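Being a predicted model, the structure only gives us computed values, none of them experimental. All chains are named by letter (A, B, ...) in the order of the sequence lines, taking the proteins before the strands, and each is independently numbered beginning at 1.
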Amino acid sequence: MIIATWNVNSLNVRLPQVLDWLRDRQPDIMALQETKLTDADFPTLDIANAGYHAVFSGQKTYNGVAILSRMPAGEIVTDLPGLDDPQRRVLGATVGNLRVLNLYVPNGQAVGSEKYAYKLAWLDKLAEWLITERVPYPQLVVLGDFNIAPEDRDVHDPAAWAGQVLCSDPERAAFQRLLDLGFKDTFRLFPQEDHAFSWWDYRAAAFRRNLGLRIDHILASPALAAVCTTSQVDKAPRRLERPSDHAPVIAEFDLDLH
DNA sequence: ATGGTGGCGCGGCCA
C-alpha cells in the first residue's frame, strides 16, 4: 500500500500534474494541501476518471485539503477538536482499516508574529487530538505539510535558518511531542541521501541549487510504522514547467487495505 | 542586496 502527500499550491493549476502523478505512481492514498478551491469547484469528475474517490475541505484563495483514495473514504472530520477556525487545514478520513489525518499546518510567517502564535496553538490542539484519535484507530497515518523542519539535517543552511520560522525550537518541540506520542517520521526509518528536502522557495533558483527544507512529512502510528517498507521524496514534479514549490512525499507499507 | 517568485485576482495578502 502506497501513501503520498503533496502540497500542490493550487489544484486548479496543478491538476494535470496530479493526474499524471496518480497514473504513474498509483498511490492508494493521496493527501493534497493548498488546493485553494471551494468544494463546489473541486474537480471530482477528473479525479473519478483517474480511478479515485475524493473527499475535501476547501476555501477560496487560501488553504484547502483533500484526500484521494482507491477505496471510498468515510468518517470525515474537517476541524481540530476545540479549535473554532474558518481556515480549511484539516481533513480526517477512514479508508478501509486505515485512519488518515491530512494536515496543512499554519506557516507561522515569522517568529513572534500573531500567525506564529496561531501556529503553536494549532499544534497544541493537534497533539491533544492525536492522544484521543490513536485509541480507536491504531492504524493511523498523520501526514501533510507540517511547515516544520524537524532537525538541522532537514535544512540546507541550518546556521542561516537557526531560530527562524519553520526551524525554531518551539516548532521543533511541537513536532517532537508528536513523536513522543509514538508516531514515527517514516522518512527517517530508512537510510536517505544527505540534503533531502521537500520544499524549495520559488525565488533565487532555490530548487536548482537544492536550497530546500524538509517540511512535508508522513507520520505513522506504531502499528503502521512496524510495516513501513520505504519512504522517499519524489523530486521529479518539482522539475516540471510551472511546478508546485513542494515535491510529493511517499511512504509504502506492507499492509492490505480492507 | 531586506530583494527574489508564484497564486489569486486585480490591490495586497500569503507563502
Side-chain angles (χ1 to χ4, degrees), chain A residues 5-21 31-43 46 56-66 80 83 85-91 102-123 126 143-150 154-168 170-172 174-175 197-217 233-249:
Chain A
T5 179
W6 193 5
N7 179 324
V8 292
N9 186 22
S10 168
L11 186 54
N12 263 334
V13 174
R14 240 62 72 184
L15 181 62
Q17 294 184 18
V18 169
L19 295 176
D20 285 349
W21 201 87
L32 303 177
Q33 304 87 36
E34 282 205 272
T35 55
K36 298 185 175 179
L37 294 165
T38 62
D39 291 349
D41 288 333
F42 195 89
D46 295 290
F56 35 83
S57 180
Q59 69 182 85
K60 208 159 114 77
T61 311
Y62 302 116
N63 308 311
V65 283
L80 288 179
L83 192 72
D85 188 356
Q87 300 186 35
R88 302 293 81 199
R89 298 178 172 278
V90 172
L91 188 59
N102 177 19
L103 309 176
Y104 176 43
V105 177
N107 171 282
Q109 195 172 56
V111 173
S113 68
E114 251 179 62
K115 290 190 175 71
Y116 181 78
Y118 163 67
K119 179 180 194 173
L120 293 181
W122 197 99
L123 288 164
L126 171 64
L143 78 173
D145 178 358
F146 284 72
N147 271 314
I148 300 171
D154 301 311
V155 181
H156 69 90
D157 186 346
W161 280 85
Q164 301 295 310
V165 73
L166 312 186
C167 300
S168 72
E171 291 165 89
R172 287 180 169 179
F175 188 84
F197 308 124
S198 67
W199 169 83
W200 302 260
D201 199 297
Y202 282 122
R203 297 166 287 191
F207 181 68
R208 184 178 55 72
R209 302 156 67 198
N210 197 29
L211 307 182
L213 302 179
R214 192 176 70 92
I215 57 176
D216 300 273
H217 308 298
V233 177
D234 178 13
K235 286 174 76 171
R238 189 64 178 78
R239 299 188 187 97
L240 298 172
E241 292 269 335
R242 232 182 154 189
S244 168
D245 45 351
H246 295 251
V249 180

Next on the checklist: Work out how far the P atom of B:dT2 is from that of B:dC14, and round it to whole angstrom.
Outcome noted: 23 Å
Checklist entry - Using a cut-off of 4.0 Å on non-hydrogen atoms, how would the nucleic acid contact of A:F207 be classed: base, sugar-phosphate, or nothing? => result nothing
Checklist entry - So, is A:K60 close to the B:dC8 phosphate, meaning a side-chain N or O under 4.0 Å from OP1 or OP2? => result no
Item to check | Separation of B:dC14 P from A:Q109 CD (nearest whole Å) | outcome: 6 Å
Checklist entry - CD of A:E114 versus P of B:dC14: gap in Å, rounded? => result 10 Å
Checklist entry - So, is A:T61 near the phosphate of B:dC13, with a side-chain N or O under 4.0 Å from OP1 or OP2? => result no
Checklist entry - Okay, side chain of A:R89, backbone of A:N63: is any donor-acceptor separation there less than 3.5 Å? => result no
Checklist entry - For the atom pair OG (A:S168) and CH2 (A:W161), what is the distance rounded to the nearest 0.5 Å? => result 11.5 Å
Checklist entry - DNA chain B: A:Q87 or A:R242, which has the more 5' nearest nucleotide? => result A:R242
Next on the checklist: So does A:Y104 get a backbone contact from the side chain of A:E34, meaning a donor-acceptor N/O pair under 3.5 Å?
Outcome noted: no
Item to check | P atoms of B:dG11 and B:dA1, separation to the nearest Å | outcome: 34 Å
Next on the checklist: Can you measure A:Y104 atom OH to B:dC14 atom C1' for me and round it to whole angstrom units?
Outcome noted: 8 Å
Item to check | Atom-pair distance (CG on A:N9; C1' on B:dG6), nearest Å | outcome: 7 Å
Checklist entry - Rounding to a whole Å, what distance do you find between A:K115:NZ and B:dC14:C1'? => result 7 Å
Checklist entry - Quick one: do the A:D85 and A:Y118 side chains pair a donor with an acceptor below 3.5 Å? => result yes
Item to check | Integer angstrom distance from the C1' of B:dG9 to that of B:dG3 | outcome: 24 Å
Checklist outcome for this item: Taking for A:H246 and for A:A204 the nucleotide of DNA chain B with the nearest heavy atom, the one nearer the 5' end belongs to A:A204
Checklist entry - Is the shortest side-chain N/O distance from A:R203 to OP1 or OP2 of B:dA15 below 4.0 Å? => result no
Checklist entry - Base, sugar-phosphate, or nothing: which does A:R209 touch, judged by heavy atoms less than 4.0 Å apart? => result nothing
Checklist entry - To the nearest angstrom, how far is A:R238 atom CZ from B:dG6 atom C1'? => result 10 Å
Next on the checklist: What I'd like to find out is whether the side chain of A:R209 reaches to under 4.5 Å of the side chain of A:W200, using heavy atoms alone.
Outcome noted: no
Next on the checklist: What is the distance, to the nearest angstrom, from the CG atom on A:L213 to the C1' atom on B:dA15?
Outcome noted: 12 Å
Next on the checklist: Please report the distance, rounded to the nearest Å, between CD in A:Q59 and P in B:dC14.
Outcome noted: 12 Å
Checklist entry - Picking from B:dA15, B:dG7, B:dC8, which would you name as closest to the side chain of A:N12? => result B:dC8
